[in-house]
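Keep in mind that this is a model prediction, so the values were computed, not measured.
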Amino acid sequence: MTQPRRFHLQRDHDVTGVSGTGRVADGIVWSDGTVSVRWLGERPSTVFWDDLAHAVHVHGHGGHTRIIWDDPEPPQQDMTCPHCPDGHTLPDRGSQPWNAWVAADRDGDGQPMHIIVARSAGAHIAESDAEWVRTRLNAPAQDGRPAPPRETTFTRLGRGA
């Protein structure tokens, strides 16, 4: 896990008669896997756990208390990037958006020949990013019509055609 994720405890049946039912606690799973739980109610308290399984074991009451995730599941990282030890940011995530511009090279009639697609701020890319772009370029149109068949070639800079 690379980012904290919030949840709450939803109690369907109060086995002990102490916490009541409904939303009884707010929690967060931290990036290192440890957990903080803040109990709600007349006597609020905060408890820390080494992992979520321990908290569920003590407070789950055999399934009467459920974990409800308030944040979506974090996206999986592309772990194949040798430059990103924590995983390469997925192409549709991150703080560095994609940019595209027309390259300077022209054909015999003076028309542009290439579009350059790159992450902003000089961020590096991975092979999985090229596949992501390729899939979107060749995807069916929004109106459901299939994409026209065409060959797509990607050349890595510095490796020749």
Query raised in the report: Just wondering, are more than 12 heavy atoms of other shown residues or ligands nearer than 6.0 Å to CG in Asp50?
Result: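 At most 12 heavy atoms, drawn from other residues, nucleotides or ligands, come within 6.0 Å of this atom.
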Search all heavy atoms of [X] against all heavy atoms of [Y] and return the closest pair with its distance.
X: Trp69; Y: Val29; answer: CH2-CG2, 3.8 Å
X: Asp51; Y: Ala53; answer: OD1-N, 3.1 Å
X: Pro112; Y: Val102; answer: CB-CG1, 3.2 Å
X: Val35; Y: Val37; answer: CG1-CG2, 3.9 Å
X: Phe7; Y: Ser36; answer: CZ-O, 4.4 Å
X: Pro72; Y: Arg5; answer: O-NE, 3.4 Å

Query raised in the report: Same hydrophobic cluster for Val47 and Leu9, using side-chain heavy-atom links shorter than 4.5 Å among ILVMFWY?
Result: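 Yes.
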[atom1]/[X] to [atom2]/[Y] distance, rounded to the nearest 0.5 angstrom?
X: Thr34; Y: Leu52; atom1: OG1; atom2: CG; answer: 11.0 Å
X: Arg66; Y: Asp12; atom1: CZ; atom2: CG; answer: 4.0 Å
X: Arg106; Y: Met113; atom1: CZ; atom2: CE; answer: 10.5 Å
X: Ile116; Y: Asp105; atom1: CD1; atom2: CG; answer: 7.5 Å

Query - Salt bridge flag under 4.0 Å for residues Arg38 and Asp26 - result: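 A salt bridge is absent here (no side-chain N lies under 4.0 Å from a carboxylate O).
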Query raised in the report: Hey, does Trp49 have a side-chain heavy atom less than 4.5 Å from the side chain of Val56?
Result: no
